[in-house]
Amino acid sequence: MALFIKISKKIAEAPRIDFGDLFNASVEIFKKVWLQGFLLQLITIALSLPLVIFNFSILSESGLDTNSFDFVEKIVKDDAVVQELGSYTIIYYLLSIAVAIISTLLSFGFFRIIKQMDDGLNFQVSDFFYFFGNKRLKKSLLLILAYIGVALLAVLMCVLPIFYVMIPLMFVTPIFVFNPELTISEIFKSAFALGHKKWGITFAITILNIITLYILILFTCGLGSLFFGCFLQMPIYVLYKKIISFEDV
């Protein structure tokens, strides 16, 4: 509780942050972790490959040609195909959920790596899997479920709430990673307080980075996402560092 009060006080007293300084600081952090970000992208792609293979295997085993005009008609009229595709679809979505959870756990580890590299510490690939440990996995999974619940609730309340909620949700990861002793409720309260306090600058730099990344992807035929995809996380880390910091918390 004392830690939550201290974080809340730091957020309430957050200094004004210049957009240019935030962007430059993000670039400096990116220079330190671009290789680790690249490895994270490769691991994520490797996790997604089984889903792609499974998807193609479903179509090949069902004997369906998705390019033909009678594709939908075959599915509707053939009960056996309907049942087969139904069971495959359930498995596919379960695998997709598992991959999404693993990817999120890896992103937790990546934020830890950002701080390590920022502090000049050594890096090991096993650091990505820090939150797969028994003591941390349960709370990580509960946090992911709460995250999904908040996001779904915002979506069900129509479009505008999700535009507001998406910024505070970005701060859930660093607050949890660097303050794992906080309760899930305290993590979300702190994330929403920080997101509300710095909503404008966070939204602006996120949109700028997304547009920049999109242009890089176009000019590099997709390779840009491998090397620069992690840059979207840098401003979130910098904002956390400048406002909450690591010294007293």
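By the neighbour-count criterion of 12 heavy atoms within 6.0 Å, atom CD of Gln124 is sparsely surrounded, having that number or fewer from other residues, nucleotides or ligands. The 12-atom threshold is exceeded at CG of Asp119, counting heavy atoms of other residues, nucleotides or ligands nearer than 6.0 Å. For Phe19, the CZ atom sits in a packed shell: over 12 heavy atoms of surrounding residues, nucleotides or ligands are nearer than 6.0 Å. Atom NZ of Lys139 has more than 12 neighbouring heavy atoms from other residues, nucleotides or ligands inside a 6.0 Å radius.
The nearest pair of heavy atoms linking Ile187 to Val172 is CG2-O, 3.9 Å. Between Ile184 and Ala146, the shortest heavy-atom distance links the atoms CG2-CB, 4.0 Å. When all heavy atoms of Lys197 and Ile11 are compared, the closest pair comes out as CE-O, 3.5 Å. Nearest heavy atoms, Phe171 versus Ile167: CD1-O, 3.4 Å. Closest approach of Met117 and Gln36 over heavy atoms only: CE-NE2, 3.7 Å. In terms of heavy-atom proximity, Ile217 sits nearest to Gly224 at CG1-C, 4.4 Å.
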I would like to know whether Phe128 and Leu39 meet side-chain contact (heavy atoms from CB on, under 4.5 Å); could you show each step before the answer?
CA-CA 10 Å; Phe128 280 115; Leu39 291 175; 4.1 Å; yes
Please assess Phe228 against Phe30 for the test ring pair (Phe, Tyr, Trp, His ring centres under 6.0 Å), listing each intermediate value before the final yes or no.
CA-CA 9 Å; Phe228 299 101; Phe30 174 74; 5.7 Å; yes
Can Thr212 and Phe231 be said to form a side-chain contact (heavy atoms from CB on, under 4.5 Å), step by step?
CA-CA 10 Å; Thr212 304; Phe231 187 73; over 6 Å; no
Residue pair Thr206, Met170: steps toward the side-chain contact (heavy atoms from CB on, under 4.5 Å) verdict
CA-CA 10 Å; Thr206 299; Met170 290 180 179; 3.6 Å; yes
Might you work through the side-chain contact (heavy atoms from CB on, under 4.5 Å) test for Met157 and Leu153, ending with a clear yes or no?
CA-CA 6 Å; Met157 293 173 65; Leu153 181 61; 4.2 Å; yes
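Looking at Glu186 and Lys189, no side-chain N of the basic residue comes within less than 4.0 Å of a carboxylate O on the acidic one, giving no salt bridge.
Checking Tyr240 against Asn179 by side-chain atom types alone, a donor-acceptor pair falls below 3.5 Å.
Residues Phe192 and Val165 meet the side-chain proximity criterion, which asks for heavy atoms closer than 4.5 Å. Residues Ile7 and Leu182 have side chains in contact (heavy-atom distance under 4.5 Å, counting atoms from C-beta outward). For the pair Pro235 and Phe23, the minimum side-chain heavy-atom distance is 4.5 Å or more. Counting only heavy atoms from C-beta outward, the side chains of Pro168 and Trp199 approach each other to under 4.5 Å. Residues Leu105 and Ile144 meet the side-chain proximity criterion, which asks for heavy atoms closer than 4.5 Å. The shortest side-chain heavy-atom distance between Phe110 and Thr173 does not fall under the 4.5 Å cut-off. Looking only at side-chain heavy atoms (C-beta outward), Leu106 and Leu47 come within less than 4.5 Å of each other.
The side-chain tip of Lys241 does not point at the ring of Phe246 from less than 6.0 angstrom away and within 45° of straight on.
A distance below 6.0 Å separates the ring centres of Phe176 and Phe131. For Phe132 and Phe108, the distance between ring centers is not under 6.0 angstrom.
Taken from CG in Leu194 to CD1 in Ile236, the straight-line distance is 8.5 Å, to the nearest 0.5 Å. Rounded to the nearest 0.5 Å, atoms CH2 (Trp34) and CG (Leu226) are 11.5 Å apart. Between the CD1 atom of Ile43 and the OG atom of Ser48 there is a distance of 12.0 Å, given to the nearest 0.5 Å. Annotation: the span from Ile102 atom CD1 to Ser107 atom OG amounts to 12.0 Å, rounded to 0.5 Å. Distance check: Leu216 CG to Asn209 CG gives 10.5 Å after rounding to the nearest 0.5 Å. Taking CZ from Arg112 and CG from Asp127, the interatomic distance works out to 6.0 Å, rounded to the nearest 0.5 Å.
Ring-plane geometry between Tyr237 and Phe111 is classed as tilted, the angle between the planes lying from 30 to 60 degrees on a 0 to 90 degree scale.
Proximity of a side-chain donor or acceptor of Lys10 to a complementary backbone N or O of Ser245 within less than 3.5 Å is not detected.
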